[in-house]
Amino acid sequence: MRLAALPAPDFNLAATLECGQVFHWRRSGAGFEGSVGDVPLFVEQRSDCLLVPPDCEQLAQNYFALDHPLTEICATFPNDPAMNAARVFCRGLRIVRQPPWECLATFITSALKQVAHIAQISHTLRERFGERIEWQGHTFFSYPTPKRLAECSEADLRACALGFRAKNLLGAARMIAAGDVDLELAAALDDNAARAELCRLPGVGEKVANCALLFGFGRLRAFPVDVWIERVLRQLYFARKRNVTARRLREFSASYFGEYGGYAQQYLFHHARMTWRGPK
DNA sequence: CTCCAGGTTCCGG
DNA sequence: CCGGAACATGGA
């Protein structure tokens, strides 16, 4: 089919989709196929343009956050060796705008899982409980809604290889389906209040809440501290320092990396993961 | 076989 | 507030 060309300067599609912020895109030919909410999408990069199906330009422009002032964002990063290396390595990587629920739910299922496993779980949940979307001879599945997951039993979810995460995903889906937690209301709160609201959900602690805030709620200052980032902070920012507590790391990262700390975090995360023990 | 993975929660100092 | 342990599953 004919594709439309969308100007996308200062953008790296592959890095953006494979850096561990989103898990359901698959390589397809020279591009990627996936979905944004319930809209199927194919996207391919040609130098400074994105090729997308006609009438999808606006959707892609928004989803891939082509309006983020990347040069300005990178200029706000602290000037230190670790950050500079990550900034060069991740050039063109953008924090996409994921639908809040599927982002939050995916990170609830991410606890103590490798990126490949998280993707596997996401696809299984989509195929079993999401909406099937046929498009151009390809089959896509949307992420199941809170309502749909709330109707499942814990055993249904455990059957998707969720392990102990099944109870958390189910509990979160039920609280949201019941209106006990309202993601649209949370979206109107400031960062700290929104984080506190998300943390009321089972399986959502500081780290998962920050991932949801950063990748699903557009809070570009949110700084998730996972095992990789903790290694980066301890080895590159607190080298030869003893007894650095988790709280100390959180306080440091919340201020040191600035107003676009979430971008800085993702660059440090991706760079460390890709270089510290061979690309995978 | 052992170790670890984009953590959260609960429990005892 | 802090460090430990339990919690499932699969790939390295």
Side-chain angles (χ1 to χ4, degrees), chain A residues 15-25 86 90 93 95-96 98 102-125 128 153-173 175 181 195-217 219-220 222-235 238 241-254 257 261-280:
Chain A
T16 295
L17 292 182
E18 296 181 329
C19 71
Q21 63 174 319
V22 63
F23 304 92
H24 68 291
W25 293 87
C90 298
L93 193 167
I95 302 294
V96 305
Q98 296 182 52
E102 66 177 65
C103 178
L104 173 63
T106 300
F107 278 99
I108 287 175
T109 66
S110 78
L112 284 180
K113 277 290 176 193
Q114 293 187 110
V115 169
H117 296 160
I118 301 167
Q120 204 161 23
I121 288 170
S122 170
H123 281 116
T124 304
L125 288 169
R128 294 201 187 172
S153 68
E154 186 181 325
D156 292 333
L157 298 186
R158 281 196 177 248
C160 300
L162 278 175
F164 63 85
R165 304 155 197 82
K167 185 190 296 283
N168 293 333
L169 181 61
L170 182 58
M175 282 180 74
V181 166
R195 178 164 32 244
E197 188 64 9
L198 295 180
C199 284
R200 292 179 52 218
L201 297 164
V204 181
E206 193 99 0
K207 189 271 174 180
V208 169
N210 277 327
C211 285
L213 287 175
L214 175 58
F215 304 128
F217 289 82
R219 308 303 175 92
L220 301 184
F223 194 103
V225 177
D226 73 312
V227 290
W228 283 96
I229 285 297
E230 183 161 345
R231 281 198 281 265
V232 168
L233 293 177
R234 288 185 186 283
Q235 294 182 27
F238 290 87
K241 289 208 174 173
R242 292 291 165 208
N243 306 322
V244 181
T245 65
R247 169 163 271 302
R248 180 81 187 89
L249 292 180
R250 284 205 309 275
E251 290 169 352
F252 170 76
S253 59
F257 294 98
Y263 256 98
Q265 185 274 0
Q266 193 57 22
Y267 279 34
L268 291 171
F269 171 84
H270 184 53
H271 179 236
R273 222 168 63 84
M274 291 299 104
T275 61
W276 280 21
R277 53 172 208 196
K280 179 59 200 287

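Chain letters run A, B, ... following the sequence lines, proteins first, then strands; residues in each count from 1.
- Taking for each of A:Ala111 and A:Gln120 the nucleotide of DNA chain C with the nearest heavy atom, the 5'-most of the two is the partner of A:Ala111.
- Picking from C:dG11, B:dG7, C:dT9 the nucleotide with the shortest atom distance to the side chain of A:Ala161 gives C:dT9.
- Ranked by how close their nearest DNA chain B nucleotide is to the 5' end, A:Val115 and A:Leu201 are led by A:Val115.
- Taking the six-membered ring wherever Trp is involved, the centroid distance between the rings of A:Phe107 and A:Phe23 falls below 6.0 Å.
- Nucleic acid contact class of A:Arg158 (heavy atoms, under 4.0 Å, all strands): sugar-phosphate only.
- Atom CZ of A:Phe269 is separated from atom P of B:dA5 by 11 Å (rounded to the nearest Å).
- Counting to the nearest Å, the C1' atom of C:dC7 and the NE2 atom of A:His117 are 16 Å from each other.
- With sequence neighbours excluded, no residue satisfies ring pair (Phe, Tyr, Trp, His ring centres under 6.0 Å) with A:Phe164.
- Not a single donor-acceptor pair, N or O on each side, falls under 3.5 Å between the base of B:dT8 and the side chain of A:Lys207.
- Heavy-atom distances under 4.0 Å link DNA chain B to A:Pro224, A:Asp226, A:Val227, A:Trp228, A:Ile229, A:Arg231 of residues 223-232 of chain A, given in residue order.
- The side chain of A:Thr245 approaches C:dC2 more closely than any other nucleotide in the set C:dC2, B:dG7, C:dG11.
- Ring geometry for A:Phe252 versus A:Phe238: interplanar angle over 60°, hence perpendicular rather than tilted (30 to 60°).
- For the pair A:Lys113 NZ and B:dG7 C1', the computed distance is 13 Å after rounding to whole Å.
- Of the candidates C:dT9, C:dC2, B:dG7, B:dG7 carries the atom nearest the A:Leu112 side chain, counting heavy atoms from C-beta on.
- Using a 4.0 Å heavy-atom distance criterion, A:Gly203 is classed as a sugar-phosphate-only contact.
- Distance alone, capped at 3.5 Å, is enough to place a donor-acceptor pair between the A:Thr106 side chain and the A:Glu102 backbone.
- In this structure, the CD1 atom of A:Ile121 is 12 Å from the P atom of B:dG7, given to the nearest Å.
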*Stepwise side-chain contact (heavy atoms from CB on, under 4.5 Å) check, A:Ser153 with A:Asp156*: CA-CA 5 Å; A:Ser153 68; A:Asp156 292 333; 3.1 Å; yes

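- Between A:Arg200 atom CZ and B:dT9 atom C1' the separation is 17 Å, expressed in whole Å.
- Between the P atom of B:dA5 and the CZ atom of A:Phe164 lies a distance of 13 Å, rounded to the nearest Å.
- One can place CD1 of A:Ile108 at 10 Å from P of B:dT8, the figure rounded to the nearest angstrom.
- Judged by distance alone, with hydrogens and angles left aside, the side-chain atoms of A:His24 form no donor-acceptor pair with the main-chain N or O of A:His123 at under 3.5 Å.
- Distances were taken from every side-chain heavy atom of A:Arg165 (C-beta onward) to each of C:dA8, C:dG11, B:dG7; the shortest belongs to C:dA8.
- With rounding to whole Å, A:Leu249 atom CG is found 10 Å from C:dG3 atom P.
- Looking at A:Gln21 and A:Thr16, their side chains come closer than 4.5 Å, going by heavy atoms from C-beta outward.
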